[in-house]
Amino acid sequence: IPLYHSPTPNDETKTLFFLILLEDVTTLRHLETVRRDFVANVSHELHTPLTSIRAIAETLRDGALQDPDVADRFIGIILGEVERLTRILSDLLVLSRAESQPVQRVSFDLAEMIRDVVERFQKQAERHGVSLQCLLETSLPISADRDQMEQVLVNLIDNAIKYNREGGQVEVCARKTEMEIAVEVRDTGIGILSQDLPRIWERFYRADKARSRRTGGTGLGLSIVKHIIEAHGGQVGVQSEYGRGSTFSFRLPLLTTAEKS
Ligand code: ADP
């Protein structure tokens, strides 16, 4: 932007200055790349089951429908793919709600919520031959978004059972210090390779693609967890040893004095 300046009111000579504005667009560029990758990933994730549904429907139309056994199997595959699409859309909706809605804090006991969620998962754990238990302080009062906290626990416990094996264990531990509440979900499951660890919080990233697909994973669960915990001012963490198990953790700060009043 050129700027003119006369040293004295009657002076005809003008000095020309330039004001140069520099704006760092690195963050904007990064956000744009993230958005573009996300749209590309969503398209890919939806495209795969749709392609499979179309191929099977065409095979049925071209004659496979005449053989009841084949038809039955193919219809089963179509229903499976439709279920998969539904799960992806439902997780996308949860993620988009978490991103667009402000955290609605209410006071509740996190220990009670953990016990409830663990109770609800007992049947699923049994089906997988996994033992599930919690080690908690009697009460953990907290001010947080109830639905979102429940979502975090559900996603972490579901993974700890899903990526486990017959005879494995899952423990949910939580404790409180003066400053924060720390929760850990430990499993003796399949573990994660160290090269995958930094990426597992990314949307749609799966370390074990085959198992994730088989167990109905969408690759969005951990990104939802990370978003919710960070929106509460907390931090997520993971430690894992491939073949031995993983510990997923999060820490939530207790309310500051200003927030309490
Ligand atoms: P998914 O729907 O595939 O489970 P997540 O976002 O919840 O997606 O997890 C991302 C990936 O991280 C999973 O596909 C899996 O490979 C890995 N993962 C998550 N939790 C565990 C765990 N407890 N043990 C081993 N691997 C895990």
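Atoms within a ligand are numbered from 1 in the order they appear, just like the ligands themselves.
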_ligand 1-proximal atoms of Phe248, by part, heavy-atom distance under 4.0 Å_ = side chain
*Could you say whether the N/O atoms of Lys162 and ligand 1 ever approach to under 3.5 Å?*
yes
*Which option out of Asp196, Leu222, Asp187 puts a heavy atom nearest to atom 5 (P) of ligand 1?*
Leu222
_Is a donor from one side chain sitting under 3.5 angstrom from an acceptor on the other, for Gln151 and Asp147?_
no
*Strictly under 4.0 Å, does any heavy atom of Gly189 approach an atom of ligand 1?*
no
*asked:* When you compare the side chain of Arg115 with that of Leu136, does any pair of heavy atoms fall below 4.5 Å?
replied: yes
_For Gly221, the ligand 1 atoms whose distance to one of its heavy atoms is below 4.0 Å_ = 5 (P), 6 (O), 7 (O)
*Any Lys/Arg nitrogen of Glu126 or Lys123 sitting under 4.0 Å from an Asp/Glu carboxylate oxygen of the other?*
no
*Heavy-atom donor-acceptor pair, Gln122 side chain to Leu132 backbone, under 3.5 Å*: yes
_Please determine whether any non-hydrogen atom of Asn155 lies less than 4.0 Å from an atom of ligand 1._
no
*Can we say Glu32 and Arg35 salt-bridge, meaning some charged N sits less than 4.0 Å from an Asp/Glu carboxylate O?*
yes
*Check each atom of ligand 1 against the heavy atoms of Leu220 and keep those under 4.0 Å away; list them by number with element.*
6 (O), 8 (O)
*So, Asp145 and Gln101: side-chain donor and acceptor under 3.5 Å apart, yes or no?*
no
*Pick from Gly245, Ser246, Gly219: the one approaching atom 8 (O) of ligand 1 most closely through a non-hydrogen atom*: Gly219
*Numbering the atoms of ligand 1 from 1, which are under 4.0 Å from a heavy atom of Gly191?*
25 (C)
*asked:* Check this for me - ligand 1, Ala207, N or O atoms closer than 3.5 angstrom, yes or no?
replied: yes
*For Arg165, does the CZ atom have more than 12 heavy-atom neighbours from other residues, nucleotides or ligands under 6.0 Å away?*
yes
*Per-atom contacts of ligand 1 with Gly217, taking only distances under 4.0 Å to non-hydrogen atoms*: 1 (P), 2 (O), 3 (O)
*Check whether any N or O atom of Ile192, backbone or side chain, sits under 3.5 Å from an N or O atom of ligand 1, and answer yes or no.*
no
*asked:* With heavy-atom distances below 4.0 Å as the criterion, list the atoms of ligand 1 near Ile200.
replied: 10 (C), 12 (O)
*Decide whether Asp196 and Tyr205 meet the rule of one side-chain donor and one side-chain acceptor closer than 3.5 Å.*
yes
